[in-house]
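Inspection log for the structure reproduced underneath, given as structure tokens.
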Amino acid sequence: MASKTERTVVNAAGLVQGIVLVTFPAASTIFTEKSEYGLSSSQYGNMFLPQVALAITASLLGAGLARRISIKRVYLLGLACSTISMVLLLASTLVKTNQAAAYPLLLVATAFLGAGFGLTVPVLNTYTSVFNPGTVDRSVLALNALLGLGTALAPVLVAIFVGLGFWWGLPILSTVLLAGLLLVSARLPLRAGAATSARAPRRRGLPARFWLYAAFAVCYGICETMNGNWSGLEMTTRLGASATQASLALAAFWAMVTAGRVLFAAIGRWLPERVTYRILPLVLVGTFLLTGVLSRPHAVAGIAVFALAGLGCSALLPLTISFGEEDLTAMAAAMAGAVIAFYQLGYGIAAFGVGPLADAGVSLSAIFGFTAVIAGVMALLSFFVTRRHAPTELAGPDSSLPVSPSGQLS
């Protein structure tokens, strides 16, 4: 039975990981400012390639690593990687005017950030499910709400530190918080029981239903990233928004992602999670269609649409993880990591695929409109994902694989 301290630390880690994850994007204007790092738009975009690659790799390898060294050590390793990332970011400020030295440091920093995210977040989902076996879906939603709160806080903290005259106060704060988590977590048992104790399945291959979850996660990653990464450009270029309005649209999106997770966790008794899961993709279809047809001077309407898109995204990823863990119990320990890996694949498609399309002459509004098709596919998949099946086994009736009510990664 997990202690109250263990549950509190897991939730705190979710909040801190959210802040750390958005530290680099929140400081985007610093990286491209000529008086600071002076990176080009391409250099700034490419800076996240190592992050995506390492996040996917770490998410996929985390479950196997947990069987070898324990889930707690994987969690601590993830925190350590995130801490190294923040330290490297701080080190880069010392050579920021020397791009030949600063840029490689930033690339290595984002690589460690990706590894930290890929190792830590699946473990946190696993701990949350194991520590709260009676309320898995709501607990995972609450954890991801804290993660979302962290992502919403990072831009605010950057603005505060910039106003104080030292933007690098954010990576310092992140480093302190991560170091504190490492010290406290190292003293706690943080056991996940059977979720990671079983041996690998004796029969190779994944159950067919796994690919439903994988496809849903890829579609979700594309939809979330279209809003999270490209809303600002859409607001300023098509809707005639000011920089402040564009920032407000992005803040509204992430705030509603967080608020939605809290809301759906709170009303789970009255609105079943499986119904929520089927409704939200349809909300996204509507927001992408609206975004595609909005024009000048409807910046205020654009902010409202992106806020609604945040609500549409809110509960989908955490519910995909918890549903998958309950459905595919035989691979529950690896499910969170696998879902996050495919989510990161969708993130990469949208983050790095939209730019070349725009450079080739495809309008951003057309790309947003097409993404409604992706959201439609996600809506269709939601009905297949939420069909109730008996738990899927990988190794037959005598399997000694974990049968956890909430399986997870790492």
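Residue numbers run from 1 in the order of the sequence given. Bear in mind that the values here come from a model prediction, so they are computed numbers and not experimental data.
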Open item on the list: Suppose the criterion is salt bridge (Lys or Arg N to Asp or Glu O under 4.0 Å): which pairs have a residue in residues 369-386, not counting sequence neighbours?
Closed with: none
Task: Any residue meeting side chain to side chain donor-acceptor pair (under 3.5 Å) with S314, in chain and number order, not counting sequence neighbours - done: none
- [ ] Quick one: list whatever passes side chain to side chain donor-acceptor pair (under 3.5 Å) with T258, sequence neighbours left out.
- [x] none
TODO: Using side chain to side chain donor-acceptor pair (under 3.5 Å) as the criterion, list what pairs up with S382, not counting sequence neighbours.
DONE: none
Run the side-chain donor-acceptor check on residues 336-345: report pairs under 3.5 Å with partners two or more places apart or on a different chain.
{"residue": "Y343", "atom": "OH", "partner": "E224", "partner atom": "OE2", "Å": "2.6"}

- [ ] Using the ring-ring contact (aromatic ring centres under 6.0 Å, His included) rule, collect all pairs that involve residues 254-276, keeping only residues at least two apart or in two chains.
- [x] none
Task: Residue pairs fulfilling ring-ring contact (aromatic ring centres under 6.0 Å, His included) with at least one residue in residues 144-192, sequence neighbours excluded - done: F161-F166, F166-W168
Open item on the list: Does anything in residues 1-14 form a salt bridge (Lys or Arg N to Asp or Glu O under 4.0 Å)? List the pairs, not counting sequence neighbours.
Closed with: none
Task: Partner residues of F48 under the ring-ring contact (aromatic ring centres under 6.0 Å, His included) criterion, sequence neighbours left out - done: Y44
TODO: Check side chain to side chain donor-acceptor pair (under 3.5 Å) between S92 and all other residues, then give those that pass, not counting sequence neighbours.
DONE: Y37
Task: Partner residues of E234 under the salt bridge (Lys or Arg N to Asp or Glu O under 4.0 Å) criterion, sequence neighbours left out - done: R238
Distance-only criterion, 3.5 Å: show the donor-acceptor pairs between side-chain atoms of residues 147-155 and protein atoms not counting sequence neighbours.
{"residue": "T151", "atom": "OG1", "partner": "G148", "partner atom": "O", "Å": "2.6"}

